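Numbering of residues begins at 1 and proceeds along the displayed sequence. The structure presented is a predicted model; accordingly, all values stated were derived computationally and were not measured. Start at 1 and go down the list; that is how both ligands and their atoms are numbered.
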Amino acid sequence: MHAGARTKMPKGLELLTLGIDLGGSKILTAVVNSRGKMLASYESTTPATKNREAVIQFILDSTWRVLKQASITISEIYAIGIGAAGISNPETGILFTSPNLPRLRDVPLKDIMQERLGKKAFVINDANAAALGEFHFGAARGARNFIYITLSTGIGGSIVIDGKIYTGAIGAAGEVGHMTIDDNGPICNCGNRGCWETLASGTALAREARHRIKEGVRTSILEYAEGDVEKVTAQAIHNAAEQGDSLAKELITRTGYYVGVGLVNLINIFNPELIVIGGGLSNIGDMLLGPAFKVAKERTYKKTFQAVRFASAELGRNSGVLGAAAFALQEMKKPLSK
Ligand SMILES: [Zn+2]
């Protein structure tokens with residue numbers, strides 16, 4: 001079945017898009033207008049261990065709820081944009097694999113959503129969605145060549161060249177978190193060693209702290225982790241650092257150094273005008289990013305460093321859902337090719 005019929009909007013009303021941010025831990029759905037304003041949003045926990053049909057049903061339930069909340073019906077929605085964690089092909093709308101959703105493999109998400117909801121649907125990787133959100137409505141407005149990175153439990157990224165997301169051959173480009181920083185470094189989930197995210201993510205920071213605490217280093221970090229070394233998180237380390245804990249400060253500086261090493265590679269390869277930095281770990285701010293920018297400045301060509309600007313992501317946890325909606329709107333405007 002083809003969901004080809006475009007919705008006719010009454011004059012004076014703007015186009016409403018349904019954005020869906022399908023993450024490994026949460027699903028955020030929102031009704032978004034063309035200026036990036038969310039008219040309603042609904043968030044729920046992803047049923048990560050459930051099978052494919054249950055996850056699809058869950059997404060549909062979230063959709064009905066958010067439509068109800070916005071007091072509209074699906075017929076008033078122009079198109080649907082889905083930002084999905086994992087590797088997907090934006091051309092075919094197939095989600096190949098998704099971290100934390102192990103039972104979603106090779107899912108034709110675009111076709112399924114179009115069939116079930118009777119509207120055009122578009123699928124994009126979650127980091128690319130977040131970058132598009134920042135591009136249309138946030139920190140990257142007006143930029144043509146920029147890189148978006150999200151420092152979180154892992155490191156995600158998106159590369160925008162000449163105003164367009166660079167997706168690569170099968171849609172898997174922009175996996176900046178898996179560039180090799182240390183060829184003998186820790187083993188990564190992807191199978192490689194010493195990926196950027198094994199050294200500069202929140203998970204890496206917490207892992208190092210646990211290691212040092214087990215070695216017997218004196219620190220107040222445990223006070224922020226219920227006294228349990230296994231409960232040490234990046235947040236606990238940040239809290240301890242703010243109270244002056246020297247191990248916490250040292251570990252954050254070290255993580256910032258590795259953030260910087262990755263930035264050096266990105267700046268040298270892409271000569272971006274802007275790097276937008278988001279993700280929970282980046283909320284640590286100067287203590288983390290100061291050392292990162294210092295390394296970036298020291299190890300890149302002076303001219304290229306002078307050409308790049310760094311900005312914090314502005315849309316926070318809504319970047320993905322807003323970007324997914326913007327992607328749908330953007331794809332609808334393209335001339336029909338099939
Ligand atoms: Zn990796």
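Between Phe122 and Phe327, the ring-plane angle classifies as perpendicular under the 30° and 60° cut-offs.
The pair Lys26-Glu43 does not count as a salt bridge, with every side-chain nitrogen at least 4.0 angstrom from each carboxylate oxygen. Salt bridge annotation for Lys294-Glu298: present, with a cationic side-chain nitrogen under 4.0 angstrom from a carboxylate oxygen.
Checked by atom type, the side-chain pair Ser220/Asp245 shows a donor-acceptor distance below 3.5 Å.
Inspection of the environment of the Zn ion (ligand 1) yields the following protein N, O or S atoms under 2.8 Å: His178 ND1, Cys188 SG, Cys190 SG, Cys195 SG.
The main-chain N or O of Arg144 is found under 3.5 Å from a side-chain atom of Glu273 such that the two form a donor-acceptor pair.
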Identify all side-chain donor-acceptor contacts of residues 126-141 below 3.5 Å with residues at least two apart in sequence or on another chain.
unit_1 : atom_1 : unit_2 : atom_2 : d
Asn128 : OD1    : Ser158 : OG     : 2.7
Glu134 : OE1    : Ala139 : N      : 2.8
Glu134 : OE1    : Glu314 : N      : 3.1
Glu134 : OE2    : Glu314 : N      : 3.1
Glu134 : OE2    : Leu315 : N      : 3.0
His136 : NE2    : Gln330 : OE1    : 3.4
Arg141 : NE     : Gly138 : O      : 3.1

